[in-house]
Amino acid sequence: MAVTGDETEAGSVAAGDLANSQMRNPTSNRLKAESGVGSLGSQKPLEDALQKRALRLMKNREAARECRRKKKEYVRCLENRVAVLEQQNKTLIDELRALKDIYQHKVE
DNA sequence: TCGCATGGACGTCATTCGCC
DNA sequence: GGCGAATGACGTCCATGCGA
């Protein structure tokens with residue numbers, strides 16, 4: 001466990017990640033292209049596009065968190081099930097051994 | 001003590017899936 | 001078909017452990 005949930009919770013983006021994402025994503029250029037806003041004309045469509053993008057990123061960020069939480073829970077459940085089944089298997093093997101033993105003594 | 005390997009968590013993008 | 005939610009893939013950061 002390196003980074004606790006509390007440290008990076010609730011929209012506090014790690015500085016490195018922020019820089020990273022800005023480096024990788026030529027967002028403003030793409031938005032300009034998408035919104036049809038060039039060097040001239042109203043800034044409104046661009047603002048709308050930026051706002052829409054920010055909202056989408058925020059929602060996706062939260063969705064990703066929830067997705068990871070569910071995945072971890074799922075894995076935990078599977079691990080528990082494995083433990084239970086292994087125990088059952090041991091018990092059944094012991095039972096079988098005991099029954100074989102009883103049978104053997106009766107035959108003799 | 002330093003450099004490296006590893007693992008966990010994160011954000012973003014691309015894709016898939018289900019609903020309208 | 002379009003749209004939003006869910007998820008896989010990827011790159012990054014950070015903490016920790018370990019050997020030189």
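Residue numbering restarts at 1 for every chain, and letters A, B, ... go by the order of the sequence lines.
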- Tracing side-chain links under 4.5 Å among I, L, V, M, F, W and Y, which residues wind up in one group with A:Val107?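 A:Tyr103, which link up through side-chain heavy atoms under 4.5 Å apart, make up the rest of the cluster.
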
- Message: Starting from A:Tyr74 and following side-chain heavy-atom contacts under 4.5 Å between hydrophobic residues (I, L, V, M, F, W, Y), which residues can be reached?
- Response: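 Besides A:Tyr74, the hydrophobic cluster comprises A:Leu78, listed by chain and residue number.
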
- Query: Hey, what do you get for CG (A:Leu57) to NZ (A:Lys52), rounding to the nearest 0.5 Å?
  - Reply: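 Here the interatomic distance stands at 13.0 Å.
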
- Message: Please determine whether a side-chain nitrogen or oxygen atom of A:Arg61 lies at a distance below 4.0 Å from atom OP1 or OP2 of B:dC10.
- Response: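 Checking A:Arg61 against B:dC10: no side-chain N or O falls below 4.0 Å of OP1 or OP2.
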
- Message: Counting only side-chain nitrogens and oxygens, does A:Arg65 get under 4.0 Å of the OP1 or OP2 atom of B:dG11?
- Response: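 Affirmative; the distance criterion is met.
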
- Atom-pair distance (CZ on A:Arg69; C1' on B:dG11), nearest Å: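 From A:Arg69 CZ to B:dG11 C1': 19 Å.
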
- Query: In whole angstrom, what separates A:Leu57's CG from B:dA14's C1'?
  - Reply: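 So the two atoms are 13 Å apart, to the nearest Å.
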
[X]: what forms a side chain to side chain contact (heavy atoms under 4.5 Å, CB included) with it, not counting sequence neighbours?
X	value
A:Glu73	A:Arg76, A:Cys77
A:Ile93	A:Asn89, A:Arg97
A:Leu85	A:Arg81, A:Gln88

- the helix from B:dT1-C:dA20 to B:dC20-C:dG1: angle between its terminal axes, five pairs each, to 10°?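 Between the first-five-pair axis and the last-five-pair axis there is 10°.
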
- Query: Which nucleotides of nucleotides 3-9 of chain C have their base under 4.0 Å from a protein heavy atom (B), which only their sugar-phosphate (S), and which neither (-), written as one string 5' to 3'?
  - Reply: --S-BS-

- Query: What residues, two or more places apart in sequence or in another chain, satisfy side chain to side chain donor-acceptor pair (under 3.5 Å) together with A:Arg69?
  - Reply: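 With sequence neighbours excluded, A:Arg69 shows a side chain to side chain donor-acceptor pair (under 3.5 Å) to A:Glu66, given in chain and number order.
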
